[in-house]
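Accompanying notes for the structure given below.
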Amino acid sequence: MIQKVRGFQDIYGENAKKYRYIVETVRNIFNLYSFQEIILPYVEDISLFKRSVGEETDIVQKEMYTFKDRGGRDLALRPEGTASCVRAYIEEKMYAQGSYHKLFYEGAMFRYERPQAGRYRQFHQIGAEIFGVSSVYADAELIQMVDKIVKTLNIQARLEINTLGDFNSRKLYSQALRDYFSQYKDKLCETCLKRLDTNPLRILDCKVESCKEISKEAPVITDYISKESKDRFNELLDILSKLGVNYRVNPGLVRGLDYYTETVFEFITDKIGAQGTVAAGGRYDNLVEQLGGPPTPALGFAAGIERLMLLISQLEKKDILITIIPINSDYILKGLELSKFLRDSEIKSEFMLKTGSLKSMMKTADKFRTDFVIFVSDKLELKDMKSGEQLIFYSEEDLIDHIKGEKAV
RNA sequence: GAGGAUGUAGCUCAGUCGGCAGAGCACAAGGUUGUGGCCCUUGGGGUCGCGGGUUCAAGUCCCGUCAUCCUCCCCA
């Protein structure tokens, strides 16, 4: 049997409903905050991700799905959305329209990782970006919006927040850490040795005792962050409090992508195993320029739809279902005609396609969790599946009038 | 990329020392020839993940492989 590819999944049934529910809910919130949708390609030039996400990051080094197309172009399935969004912002010359831009996107991302609960090779994100605003109020508005999403979906997650300082501060601090930890190469764990090259900030996060010990004496980020950045961060925290957003400052919070500056944040849950980050983002003030656009401050976030799905409870059944059952084969066509009539009257209905004994059709209807059954014979009998009561009608019009009356109540 | 656990009916899972492939639920038919849920009876269902090996004999032992789950890692 041919099976689905490792790390890929079929989303169907209740899960498909959850997926759509999340996307609809989040899109609705984006609309409330006046973000505009951008539908981006799934395939981009490899160098876009090398130059934005970072040449040395795990995502670029070992997790991208890359291939050559027939024209010999080096391409990649997108591992994240921000890079494409920035590329489009520059390529479509949105900056030329002046003011600022608020965009959102949604769709599949691809990373070749070891699958795990809440981690797939094809996964889905929904995210938003703001281009052209350096004001701290943009950070506050964005984070408050994500907070609203989390609250609207009724998800238990805490907000952790930190600042990395401006681009230069971050670079200087990384170098300082690299210099410091290089003295202890023989004492660092294997993964931290790699982090020395890739992302020295992550060493501070290591759980190995010996690494923790060395980290204690390591340079502290506050010494490398400008007063402006610190003030900015404190102002953001103050605004968040006033907006009613709860947070926890985590000085160890570092994002894995190279482009972040200043504000970084994650919404984290401990209810779905090790992959607890449900939504995350931050500011990336240098990325647009770095990719060939005009200097443009920017920020954004993305949420993992599969992880949100793991956190939302069973959806409530909203609409009522009516199943039409012809009592024998003589009335099938009449039943189908009735179904058409109901649907033309905007009434949701299921026409019983399974043939067999009335008993087996009733069992099937029950499995569909139908609310009402209409038995079709020379008359029409409406049965309430909860109470078992039946009403007899002799014309389709009378029946529909009755149903519409019921729905109005 | 590293470590660990698991894989038997549609689902959840038993299967002892290597000796005829099992249960519950689900499904089908009937009890009630025009009515679901509860109950009773009967029935249909199997590439024991896949491929090798050992053996008179393998779901069971050995090797490989694939997949799922968990941890590390990474990240949404």
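A note on names: the letters A, B, ... follow the listed sequences, proteins ahead of strands, and every chain is numbered from 1.
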- Query: What closest approach, in Å, do Thr261(A) and Asn286(A) show between heavy atoms, and which atom pair accounts for it?
  - Reply: CG2-OD1, 4.0 Å
- Near-strand residues of residues 8-40 of chain A, defined as heavy-atom separation under 4.0 angstrom from RNA chain B: none
- Note on the structure: Rounded to whole Å, the CD-C1' distance (Glu266(A) to rA76(B)) equals 9 Å
- Query: What residues in residues 105-121 of chain A put a non-hydrogen atom under 4.0 Å from any atom of RNA chain B?
  - Reply: Arg111(A), Glu113(A), Arg114(A), Gln116(A), Ala117(A), Gly118(A), Arg119(A), Tyr120(A)
- If the plane angle is over 60° it's perpendicular, under 30° parallel, otherwise tilted; pick one for Phe104(A) and Phe30(A). tilted
- Message: Can you confirm if the NZ or CZ of Arg121(A) lies within 45° of the ring axis of Phe8(A) and under 6.0 Å from the centre of its six-membered ring?
- Response: no
- Considering all heavy atoms of both residues, which atom of Gly335(A) and which atom of Ile324(A) are nearest to each other, and what is their separation? O-CG2, 3.7 Å
- Query: Within the distance-only criterion (no hydrogens, no angle test), does the side chain of Glu113(A) pair as donor or acceptor with the backbone N or O of Glu63(A) below 3.5 angstrom?
  - Reply: no
Any N/O pairs under 3.5 Å between the protein and nucleotides 65-67 of chain B? List them or say none.
none

- 5' precedence on RNA chain B between Ser360(A) and Val278(A) (nearest-nucleotide basis): Ser360(A)
For nucleotides 32-35 of chain B, tabulate all protein N/O to nucleotide N/O atom pairs closer than 3.5 Å, reporting atom names and distance.
from    : atom 1 : to        : atom 2 : distance (Å)
rG34(B) : N1     : Glu381(A) : OE1    : 3.2
rG34(B) : N2     : Glu381(A) : OE1    : 2.3
rG34(B) : N2     : Glu381(A) : OE2    : 3.1
rU35(B) : O2     : Lys383(A) : NZ     : 3.0
rU35(B) : O2     : Gln390(A) : OE1    : 3.1
rU35(B) : N3     : Gln390(A) : OE1    : 2.7
rU35(B) : O4     : Glu381(A) : OE2    : 3.3
rU35(B) : O4     : Gln390(A) : NE2    : 3.3

- Item | Lys363(A) side chain near rC38(B) phosphate (N/O to OP1/OP2, under 4.0 Å) | no
- Gln36(A) versus Lys102(A): any side-chain heavy-atom pair under 4.5 Å? no
- Query: Below 4.0 angstrom, N of the basic side chain to O of the carboxylate: do Glu37(A) and Arg27(A) qualify?
  - Reply: yes
- Query: Do Met64(A) and Arg111(A) come within less than 4.5 Å of each other through their side chains, counting heavy atoms only?
  - Reply: no
- Aromatic ring pairing Tyr184(A)/Tyr180(A), orientation class (parallel under 30°, perpendicular over 60°, tilted between): tilted
- Ring geometry between His402(A) and Phe393(A) (parallel below 30°, tilted from 30 to 60°, perpendicular above 60°): tilted
Scan nucleotides 42-46 of chain B against the protein and return all N/O pairs shorter than 3.5 Å with their distances rounded to 0.1 Å.
none

- Item | Dot-bracket pairing map - RNA chain B, Watson-Crick plus G-U, both contacts under 3.5 Å, | cross-strand | (((((((..((((.....[..)))).(((((.......))))).....(((((..]....))))))))))))....
- Message: Taking Glu160(A) first and then Arg248(A), would you say they form a salt bridge - that is, a charged N and a carboxylate O separated by under 4.0 Å?
- Response: yes
- In terms of side-chain geometry, is the basic nitrogen of Arg87(A) or Glu91(A) positioned less than 4.0 Å from the acidic oxygen of its partner? yes
- Message: For a quick test of reading the model, state the closest non-hydrogen atom pair linking Pro297(A) to Arg283(A) and the distance between them.
- Response: CB-NH1, 3.8 Å
- Query: Where do Asp10(A) and Lys4(A) come nearest, in terms of heavy atoms and distance?
  - Reply: OD2-CD, 3.8 Å
- Message: Without decimals, in angstroms, what is the distance between Phe123(A) CZ and rC74(B) C1'?
- Response: 11 Å
- Item | Sidechain N-carboxylate O distance under 4.0 Å for Arg232(A), Asp139(A) | yes
- Task: Scan Phe131(A), Tyr89(A), Phe35(A) and name whichever one has a ring-ring contact (aromatic ring centres under 6.0 Å, His included) with His101(A).
- Result: Tyr89(A)
- Can you tell if the side chain of Glu350(A) reaches within under 4.5 Å of the side chain of Ile322(A), non-hydrogen atoms only? no
